[in-house]
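The structure appears below as structure tokens.
Numbers here are sequence positions counted from 1. Hydrogens, waters and symmetry mates are skipped; everything else that's a heavy atom, side chains included, is used. Since this is a predicted model, take the numbers as computed values, not measurements.
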Amino acid sequence: MTKKKISFMCTAFRDGFQSVFGARVLSKDYLPVVKEAVNAGIRYIEAGGGASFQAAFFYNNENAFDVMDSFRAICGNEVNLQTLARGVNVVALDSQSSEMIKLHADLFKKHGMTTIRNFDALNDPQNLIYSGQCIVNAGLKHQLCVAMMSLPPSCTGAHTPDFYEERLKKFLKADIPFDSVCFKDASGTALPSVVRETVARARKLLGKKVPIEFHSHETAGTGLTCYLAAVEGGADIVDLSMAPVSGGTCQPDIATFWHALRGTDYELDCDIDAVMKVEEHLKEALSDYFIPPEALHADPRIPWSPMPGGALTANTQMLRDNNLMDKYAEIITAMEEVVRKGGFGTSVTPVSQFYFQQAFNNVMIGPWQKIAEGYGKMVLGYFGQTPVKPDTEVVKIAAEQLHLEPTNESVLSINDKNEKKSRRHYEKMLEAAHLPITDENVFIAASCGDKGIAFLEGKGSVKVRYKEKPKPAAPSNGVYDISVAGETYHVEIQKDKAVVNGVDYPIELLTDTGTAQTSAPAAASVSDKGSVHEIKAPTPGIVTKVLVSAGQTVEANTDVCIVEVMKMETRVKAGVSGKVTEIIVQNGANVSAGQILMKVSA
């Protein structure tokens, strides 16, 4: 009996990197291995999009369009290079206007891509119609995607075979053009029985000729079982990765799935010996990179708090950036309640990030004391309609805090009326920075905001995390050159202050036991010391933009700087009227909660 050949897409160079390193991998280190993968016969490769688009600018100081060009140059014309898009959000956390959605498709075609996998985390057909049409009109292949997960135990109302069949029927009824269909389980929580039944029903609806692909992760420990279930249900293609970015928070390894199919009626279409050689070279290429321990194994909490593998390590990397990794377990536990009350949107970007941001706020600030903007807009309907109605009280709190009313208006209709999401708005951003107005630069501004502009200005930096190397003996004169998250800082310790790259920061002396001799500052936004007011960071994070200058007169409600943490921006206000007498922090500075940012004389 002839065995059915199962094809695969190699995800190592996109989702593999995303799921282990938060996409913080420099292209110069892995592109030679891409060439080896092609030589080994791999003809279907994930090459960008999704979170890796922003990560190129935010962490790698690389232009994502240049990376895509390099992929095509290395792979030649025969390889199917696929990227990931989020419906109306394309490659950003926030949703975009029609102009930017069309520009996304046009640019990804221009820069050598073959296929775009297009999903909506809410499985709202309205969010896929226009984006899918743009992909096809640009001359790209469109892979229509159904987003999957399992609900936390005892929750009902969505994410069943009936739900997925109903959503697929709606996609088909909407006449969204497509070339193939994917079932994407980013959190790796879908039940094998649900996967098998869902794929089998899809096969009946689509017929025998439409390719069906399945995507999952090993984050909850059931990924390989779900892959076998998908193949039994009728899937033709699966997503697989290569060590050291396979298993754990990633897709199953090519070799692992090849082995799992032995003795069955199926076989993986690959030269396994050639693939194994490529895997060894990828291990060598990434040998200096720090692999987070949480990326290496399944997490039994994930079925209750369905955090996708690709988002899990991206968030733990950001927690490490802000010295908050000790809060991770508490945040991931708090995520369960956030999912239960949020309307059951699939936990895949951007919704997974909204869930994590809200859980972060609930832990760091207090339950529901501060609604994360993305989560709040989602429950209010500004990203489309959630599978079930969100918790009534959470909707009320979100409306009050964000000063928005719930809406049923389509996302594109809302965004196309918003001048700040228009092409002309992003052109003005480029003009203000004296940057060339090109399609690429406009799209970078739209997708990456101020950090994209900073990259284009040459102000970006590499924030790749490498393994720690033996530390040299510290000099005795109190002068140090230290490396933090891939950046080097010159530090001088002078009694009650540290001078970092020429900027003074107040410090506290510690006893030999590491206990502070004075108590830590309270995390208040503004404190009064006579006529001088200290403006303090409300949260830990990175100062992305100082908005005032020394000597400037401000009002109490004047925004003085922006602090970002976990991709959430907080606009810090002066709190009092007066004159800015001292600015202590600079753009890019890491700050802790309660740290003094600047001073105002009332």
Side-chain angles (χ1 to χ4, degrees), residues 3 5-23 25 29-30 33-47 52 82 84 182-190 192 195 213-232 235-264 266-287 289 291-299 302 308-310 312-313:
K3 292 189 175 186
K5 287 189 179 293
I6 303 299
S7 301
F8 69 94
M9 178 174 73
C10 178
T11 61
F13 308 111
R14 208 293 300 178
D15 205 1
F17 291 163
Q18 176 65 36
S19 299
V20 172
F21 304 112
V25 183
D29 292 331
Y30 66 82
V33 187
V34 174
K35 180 64 174 177
E36 293 185 36
V38 175
N39 291 340
I42 296 176
R43 293 292 181 267
Y44 187 13
I45 296 174
E46 191 173 28
S52 66
Q82 180 166 298
L84 185 66
C182 176
F183 289 92
K184 176 180 171 66
D185 177 16
S187 62
T189 56
V195 171
E213 192 160 348
F214 182 71
H215 171 101
S216 189
H217 293 244
E218 289 285 11
T219 321
T222 55
L224 185 63
T225 309
C226 286
Y227 273 63
L228 293 170
V231 168
E232 292 167 358
D236 314 281
I237 314 167
V238 294
D239 288 358
L240 300 170
S241 192
M242 296 190 293
V245 288
S246 59
T249 49
C250 307
Q251 285 74 53
D253 195 282
I254 296 171
T256 303
F257 193 62
W258 174 86
H259 178 67
L261 291 181
R262 295 172 68 189
T264 72
Y266 310 93
E267 64 179 359
L268 194 63
D269 190 9
C270 72
D271 180 343
I272 193 61
D273 292 328
V275 169
M276 295 301 288
K277 291 178 182 178
V278 177
E279 293 209 8
E280 290 305 312
H281 292 150
L282 185 58
K283 291 177 186 176
E284 293 172 11
L286 303 176
S287 59
Y289 283 79
I291 297 181
E294 63 273 11
L296 300 174
H297 57 79
D299 187 336
I302 295 302
L312 191 154
T313 50

4.5 Å side-chain heavy-atom contact, [X] and [Y]:
{"X": "L286", "Y": "F21", "result": "yes"}
{"X": "L282", "Y": "F13", "result": "yes"}
{"X": "P252", "Y": "Y227", "result": "yes"}
{"X": "K35", "Y": "N39", "result": "yes"}
{"X": "I45", "Y": "V38", "result": "yes"}
{"X": "I237", "Y": "Y44", "result": "yes"}
{"X": "D299", "Y": "E294", "result": "no"}
{"X": "P292", "Y": "V20", "result": "yes"}

Under a 3.5 Å distance rule, please check whether [X] uses its side chain to pair with a backbone N or O of [Y] as donor and acceptor.
{"X": "E213", "Y": "D239", "value": "no"}
{"X": "E218", "Y": "G223", "value": "yes"}
{"X": "D185", "Y": "T189", "value": "yes"}
{"X": "H217", "Y": "T249", "value": "yes"}
{"X": "S246", "Y": "S241", "value": "no"}

Could you report the tightest heavy-atom contact between [X] and [Y], atom names first, then the distance?
{"X": "A295", "Y": "S19", "result": "CB-O, 4.1 Å"}
{"X": "P244", "Y": "I291", "result": "CB-CD1, 4.2 Å"}
{"X": "M242", "Y": "C10", "result": "CE-SG, 3.9 Å"}
{"X": "D271", "Y": "A40", "result": "CB-O, 4.2 Å"}
{"X": "L228", "Y": "L261", "result": "CD2-CD2, 3.8 Å"}
{"X": "R14", "Y": "S52", "result": "CD-OG, 3.3 Å"}

Spatial distance of atom [atom1] ([X]) from atom [atom2] ([Y]) [nearest 0.5 Å]:
{"X": "I42", "Y": "S7", "atom1": "CD1", "atom2": "OG", "value": "12.0 Å"}
{"X": "K277", "Y": "I272", "atom1": "NZ", "atom2": "CD1", "value": "12.5 Å"}
{"X": "Q251", "Y": "E46", "atom1": "CD", "atom2": "CD", "value": "7.5 Å"}
{"X": "I302", "Y": "S187", "atom1": "CD1", "atom2": "OG", "value": "8.0 Å"}
{"X": "H215", "Y": "D15", "atom1": "NE2", "atom2": "CG", "value": "4.5 Å"}
{"X": "D269", "Y": "I6", "atom1": "CG", "atom2": "CD1", "value": "9.5 Å"}

_Qualifying residues under salt bridge (Lys or Arg N to Asp or Glu O under 4.0 Å), relative to K5, sequence neighbours excluded_ = E267

*Taking only residues two or more places apart in sequence, or in another chain, which ones meet T313 in a side chain to side chain donor-acceptor pair (under 3.5 Å)?*
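Result, side chain to side chain donor-acceptor pair (under 3.5 Å) vs T313: none returned.
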
*Do F8 and F257 make the cut of ring centroids closer than 6.0 angstrom?*
no

*Near K3 NZ, under 6.0 Å, is it more than 12 heavy atoms from other residues, nucleotides or ligands?*
yes

*Does NE2 in H259 sit with more than 12 non-hydrogen atoms of other residues, nucleotides or ligands closer than 6.0 Å?*
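Not buried by this count: 12 neighbours or fewer within 6.0 Å.
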
*Under the ring-ring contact (aromatic ring centres under 6.0 Å, His included) test, which residues partner F183, sequence neighbours left out?*
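Result, ring-ring contact (aromatic ring centres under 6.0 Å, His included) vs F183: none returned.
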
_Using side-chain contact (heavy atoms from CB on, under 4.5 Å), reason through C270 and W258 one step at a time and then give a plain yes or no._
CA-CA 9 Å; C270 72; W258 174 86; 4.2 Å; yes

*Can a salt bridge be assigned to the pair E280 and K283 using a cut-off of 4.0 Å between side-chain N and carboxylate O?*
yes

